[in-house]
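Structure record follows, encoded as structure tokens.
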Amino acid sequence: MTSAAANEVAAYLKRRARWSPLEIAFWVFAFATIWLFPGKYLILKDTAILALFALSLDLILGYAGIISLGQAAFFGLAGYFSGLVAKYGIINEPLLALIASGLAAAALGFVTSFLVLRGSDLTRLMVTLGVSLMLGEVANRYSNITGGADGLQGVDIQPILGRFRFDLYGHNGYVYCLIVLFICFVLARRVVYSPFGLSLRAVKGNPLRAAAIGIPVKWRLVAVYTFSAGLAGLAGALLTQTTAFCSLDVFSLDRSADLLLVLIIGGTGYLYGGLIGAVIYKLLQDWIANLTPQYWQFWIGLVLVVIVLAGRERMQGWIAAARGALEDATARVAARPAKFASDRQ
Amino acid sequence: MEKGARHALIGPNGAGKTTFINLLTGVLRPTAGRIFLEGRDITDTLPHERVRLGMARTFQINQLFLDLTPLESIGLVVSERLGSGADWWRVIGTKSAVTDEIVEIIERFHLADVMLDRVAVLPYGKQRLLEIALAFACRPRLLLLDEPAAGVPEAERHELLATIEALPAEVTVLLIEHDMDLVFSFADRISVLVNGALFVDGAPDEVARDPRVKAVYLGEEVHA
């Protein structure tokens with residue numbers, strides 16, 4: 001009896017982590033875009049980078065409940081790091097440089113994680129924002145190294161693994177970003193379904209109880225913040241590597257704020273929120289910018305207000321209701337001839 | 001307290017019963033005095049470390065993980081205790097030691113029929129059982145129960161009391177409770193706390209007969 005129940009429990013726990021057909025379809029489509037939209041590599045590449053960046057925020061916001069307006073700090077640090085190591089020929093191979101940049105961002109994440117352990121959402125917003133502002137000004141101050149307001153110029157990125165050159169059309173660049181995104185996603189997915197990931201959700205849900213069942217809350221938060229910073233860093237390094245350029249706006253508040261926007265659009269706490277949000281955000285941006293190049297942010301703002309006021313759950317309710325109404329209607333249409341037939345009799 | 005004891009701590013509202021538990025578990029720091037667990041001074045030990053040393057508690061007001069299921073909650077505690085809580089690579093449920101123990105706890109606390117529901121939607125009695133189950137899953141040698149029966153409707157009460165009485169004998173239990181039926185049927189020793197100080201301490205029948213206790217506590221209950 002017990003063993004049957006044990007099997008059921010084990011099966012359920014394993015099923016939680018299994019890839020659903022919808023997820024597989026999502027990634028098949030993502031890789032199919034390489035062949036489906038050959039003229040759109042630049043926007044696709046930007047979307048992949050934004051998605052990776054949003055994934056990093058989702059890990060701390062959606063799973064550990066740490067809200068941040070300072071992910072740009074890690075994005076920017078790794079952006080400059082990868083640019084500088086390429087410019088001065090310290091690490092010529094882009095993949096190695098990417099990993100080194102991610103580690104540099106993770107190191108910064110580890111150090112600054114101790115600042116966000118305590119305090120409310122508001123203090124966390126201010127502390128994270130403060131860190132990214134400070135880094136931005138440091139980059140501005142040492143313009144002899146970073147290029148200051150002119151940006152980091154003269155960055156020459158070598159071919160990936162010595163073979164794949166970053167071409168003008170952005171094909172290799174996009175494939176590179178997509179593969180990195182996928183690997184990071186698999187890693188993050190593995191983490192959130194592990195005991196460690198479950199303990200993060202517990203810490204987010206009830207830190208008092210989490211400590212009362214023996215979870216070292218502080219170290220779990222430090223670990224996930226460090227991991228998240230590393231992923232944000234990879235996104236920043238990808239941007240520098242694929243554009244062979246890095247400017248001060250990698251540290252900008254806009255960049256961190258956009259990221260929250262992406263997660264509000266896509267939703268938090270299920271990993272795909274950042275990816276779907278990034279796709280919708282980029283599509284909206286592209287579409288609206290074509291309609292009204294000057295005022296596109298007006299419409300983005302409107303979408304944001306509608307989403308937040310309506311609330312995601314209510315919108316899902318609308319969609320469900322609309323689907324229900326549609327099914328009712330089709331059922332009625334299908335039933336009508338029969339009814340007429342019975343009326344005539 | 002003796003190993004395996006069933007000790008009840010009672011006292012009027014505001015006597016300091018919950019404060020006492022907060023001090024024992026490290027939520028609050030004592031301003032004077034030391035705290036010992038099995039002869040070991042744990043006054044400066046952090047709350048989550050005290051859990052590893054064998055002391056777990058429940059809360060007077062439920063402190064649960066509302067977005068998880070009972071299965072996930074218990075699985076979390078068990079894997080945490082077996083040292084795989086920081087394991088970020090393995091998928092939960094692949095270790096049979098963990099799943100066997102999850103099943104044992106789910107059955108002991110009568111949670112099998114709701115184990116896949118979100119905790120937030122469980123009936124209050126089941127939430128109360130889960131509250132104890134989470135503490136029990138820490139495999140404590142000392143279990144502190146803070147008013148486990150508080151607010152549980154009559155229909156679900158019996159299951160809860162039976163579960164508490166069926167706790168294994170090797171676990172020492174300190175029970176804080178206002179429900180005198182539960183206190184007197186369960187405890188083999190009772191301490192009465194009044195205004196933060198130990199007032200009376202003794203076997204249940206002694207305490208029940210003590211006229212001072214009747215005056216400050218039991219008497220109040222009768223009149224109230």
Side-chain angles (χ1 to χ4, degrees), chain A residues 1-19 59 62-65 186-224 226-228 230 268-270, chain B residues 25-27 46-53 56-59 62-69 71-96 98-104 106-107 112 115-116 119-120 131 134-135 137-138 140 144:
Chain A
M1 179 198 96
T2 310
S3 70
N7 288 338
E8 192 191 333
V9 166
Y12 168 75
L13 288 172
K14 280 179 199 151
R15 204 161 54 234
R16 276 173 80 239
R18 192 169 296 160
W19 289 78
L59 274 178
Y63 287 88
V186 171
L187 200 63
R189 195 181 181 285
R190 191 87 201 195
V191 166
V192 301
Y193 284 111
S194 70
F196 172 78
L198 193 56
S199 76
L200 288 179
R201 287 171 61 202
V203 169
K204 181 191 177 196
N206 192 336
L208 174 69
R209 187 63 194 253
I213 57 170
I215 297 175
V217 171
K218 180 178 145 186
W219 289 107
R220 295 290 153 84
L221 292 180
V222 167
V224 73
T226 303
F227 180 50
S228 160
T268 58
Y270 69 107
Chain B
T25 54
V27 175
L46 292 170
H48 71 262
E49 290 165 349
R50 298 189 193 196
V51 177
R52 302 223 163 136
L53 292 175
R57 70 173 293 187
T58 69
F59 291 81
N62 280 338
Q63 300 288 339
L64 300 169
F65 308 116
L66 298 179
D67 288 332
L68 306 186
T69 63
L71 176 54
E72 287 173 326
S73 307
I74 294 169
L76 169 72
V77 184
V78 172
S79 61
E80 201 66 47
R81 184 173 49 76
L82 294 178
S84 54
D87 187 339
W88 53 272
W89 186 247
R90 186 190 293 275
V91 172
I92 281 192
T94 48
K95 278 187 184 171
S96 65
V98 175
T99 46
D100 286 349
E101 195 169 333
I102 294 173
V103 169
E104 193 242 299
I106 281 178
E107 287 178 350
M115 68 182 186
L116 303 183
V119 169
E131 177 75 32
L134 291 188
C138 300
L144 311 168

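Letters go in sequence order (proteins before strands), and every chain restarts at 1.
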Using 0.5 Å steps for rounding, measure from the [atom1] atom of [X] to the [atom2] atom of [Y].
{"X": "B:R52", "Y": "A:I213", "atom1": "CZ", "atom2": "CD1", "value": "10.5 Å"}
{"X": "B:D67", "Y": "A:N206", "atom1": "CG", "atom2": "CG", "value": "11.0 Å"}
{"X": "B:L68", "Y": "A:K204", "atom1": "CG", "atom2": "NZ", "value": "10.5 Å"}

Toward chain B, the part of A:R190 with a non-hydrogen atom under 4.5 Å: both

A:Y12 portion near chain B, given a 4.5 angstrom heavy-atom threshold: side chain

Exam field: side chain A:R209 to backbone B:E131, donor-acceptor pair closer than 3.5 Å: yes

Derivation of the side-chain contact (heavy atoms from CB on, under 4.5 Å) call for B:I102 and A:L13: CA-CA 11 Å; B:I102 294 173; A:L13 288 172; 4.1 Å; yes

Any side-chain heavy-atom pair of B:H48 and A:V217 under 4.5 Å: no

Exercise: identify the closest heavy-atom pair between A:A202 and B:L76: CB-CD2, 3.3 Å

Minimum heavy-atom distance B:E80-A:P216, with the two atoms named: OE2-CD, 3.9 Å

Most chain A-contacting option - heavy-atom pairs closer than 4.5 Å, from B:I106, B:T58, B:L64, B:L46: B:L64

Under 4.5 Å from any heavy atom of chain A - which part of B:L66: neither

Max heavy-atom pair count under 4.5 Å with chain B, selected residue of A:G205, A:A17, A:A212: A:A212

